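Because the structure is a prediction, the values reported are computed rather than measured. Below, chains carry the letters A, B, ... as their sequence lines are ordered, and counting in each starts from 1.
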There are 2 protein chains.
Amino acid sequence: MKNHDKNIPLCECEELHESVINKKREEMPDVSTLYTLADFFKIFGDSTRISILFALDGEKMCVCDIAAMLGMTKSAVSHQLKILRTSDLVTYERSGKNVFYSLADEHVKDIIEKALEHISE
Amino acid sequence: MKNHDKNIPLCECEELHESVINKKREEMPDVSTLYTLADFFKIFGDSTRISILFALDGEKMCVCDIAAMLGMTKSAVSHQLKILRTSDLVTYERSGKNVFYSLADEHVKDIIEKALEHISE
DNA sequence: GTTACAGTTGAACGGTTGTTCAACTGTTTG
DNA sequence: CAAACAGTTGAACAACCGTTCAACTGTAAC
């Protein structure tokens with residue numbers, strides 16, 4: 001939680017603004033939704049995790065292959081995979097000594113596609 | 001930039017994995033795109049900024065109204081607005097003593113909509 | 001059992017980031 | 001001009017986060 005509901009003085013604009021605030025207050029998603037939303041985007045806000053998601057697009061990969069491909073240690077990759085696992089963005093299955101990860105949700109690709117559209121303008 | 005291209009030993013799996021790595025290497029977006037993408041998502045990864053974007057959806061608002069609505073100081077809001085401005089997600093126009101902010105891009109709503117769909121499952 | 005490799009985990013370190021505070025600019029009003 | 005309010009800005013602080021390191025588990029092969 002953040003510092004909402006402190007002693008913030010209302011601004012002394014005309015009454016018009018007051019009504020805009022009240023209208024918006026009703027339309028806004030509730031606070032917990034906003035936090036969930038921010039937490040969701042936070043996961044994509046790291047180049048390592050984005051890279052992993054691209055790597056897993058349409059292809060199962062084991063940890064050491066992902067690490068080799070990104071030029072990172074297995075440990076660093078594993079830490080990030082844990083975050084992606086906890087967020088239900090990837091699933092895994094063990095096969096011998098290897099653990100193969102894959103995308104859990106095709107939904108995720110849509111979001112990244114939209115963002116790619118946006119930044120290439 | 002992160003710690004790519006260090007001395008990460010290739011894993012000693014069968015040749016199969018090696019070819020997967022090479023295939024993926026070609027399909028992946030280039031590194032700078034991945035960073036731009038991550039930076040873009042980073043902006044949405046904060047509940048204050050997400051709240052501001054919702055507040056500005058379909059409505060111009062001045063800084064002190066946004067602050068009052070969120071229960072935050074004008075300074076904190078202004079700092080976040082600067083980030084949104086720099087990322088071209090919002091525009092502003094001065095009107096007397098007030099500065100009214102509005103969404104710069106309808107594209108952004110699509111992305112948030114997609115994310116909302118995802119988290120409500 | 002032991003060796004070797006894949007993967008995980010927790011602590012620690014350094015860098016990043018959001019809010020606060022105080023000082024500032026810009027505009028309107030008297 | 002001065003006073004009042006809207007907004008901005010930079011430094012400072014605390015909290016957060018990603019990588020590293022070392023120690024660990026799990027599986028396969030000898």
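The shortest non-hydrogen separation linking A:Leu103 to A:Thr91 is O-OG1, 4.4 Å. The two residues B:Leu37 and A:Ile50 make their nearest non-hydrogen contact at CD2-CG2, 4.1 Å. Residue A:Phe100 comes nearest to A:Cys62 through the heavy atom pair CD2-N, 3.7 Å, listed as atom of the first residue, atom of the second, then distance.
In this entry the distance linking CG of B:Leu70 with P of C:dG18 reads 15 Å, nearest Å. Here the C1' atom of nucleotide D:dA6 and the CE atom of B:Met69 are 19 Å apart, to the nearest Å. Distance CZ (B:Arg49) to C1' (C:dT16): 12 Å, rounded to an integer number of Å. To the nearest angstrom, P of D:dC16 lies 17 Å from CD1 of A:Ile43. Spacing between atom CG of B:Leu81 and atom P of D:dA6 amounts to 15 Å, rounded to whole angstrom units. A straight line from CG of A:Asp46 to P of D:dC17 spans 11 Å, rounded to a whole angstrom. A:Asp65 has its CG atom 8 Å from the P atom of C:dG7, to the nearest Å. The interatomic distance linking B:Lys42 (NZ) with C:dG18 (C1') rounds to 14 Å, in whole Å.
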Contact pattern, 5' to 3', of nucleotides 23-30 of chain D - B, S or - by protein heavy atom under 4.0 Å:
---BBS--

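Within the 4.0 Å cut-off from OP1 or OP2 of D:dG7, at least one side-chain nitrogen or oxygen of B:Asn98 is found. Note on B:Gln80: every side-chain N or O is 4.0 Å or more away from OP1 and OP2 of C:dT17.
Within the 3.5 Å criterion, the main-chain N or O of A:Ile112 finds no donor-acceptor partner in the side chain of B:Lys114.
In summary, A:Lys23 and A:Glu27 engage in a salt bridge, as defined by a charged side-chain N under 4.0 Å from a carboxylate O.
Relative orientation of the B:His118 and A:His107 rings is perpendicular, given thresholds of 30° and 60° on the angle between their planes.
Here the straight-line distance linking atom CG of B:Asp65 with atom OH of B:Tyr101 works out to 13.5 Å at 0.5 Å rounding.
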Name each donor-acceptor pair under 3.5 Å that joins a side chain in residues 75-83 of chain B to protein atoms two or more places apart or in another chain, with its distance.
{"from": "B:Gln80", "atom 1": "OE1", "to": "B:Arg49", "atom 2": "NH1", "distance (Å)": "2.6"}

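B:Tyr92 carries B:Arg85 over the face of its six-membered ring, with the cationic atom under 6.0 Å from the centre and within 45° of the normal.
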Taking only N/O atoms, report every protein-nucleotides 9-15 of chain C pair under 3.5 Å with atom names and distance.
{"from": "C:dT9", "atom 1": "O4", "to": "A:Ser75", "atom 2": "OG", "distance (Å)": "2.7"}
{"from": "C:dG10", "atom 1": "O6", "to": "A:His79", "atom 2": "NE2", "distance (Å)": "2.7"}

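Counting any heavy atom pair closer than 4.0 Å across all strands shown, A:Tyr101 reaches sugar-phosphate atoms only and no base atom.
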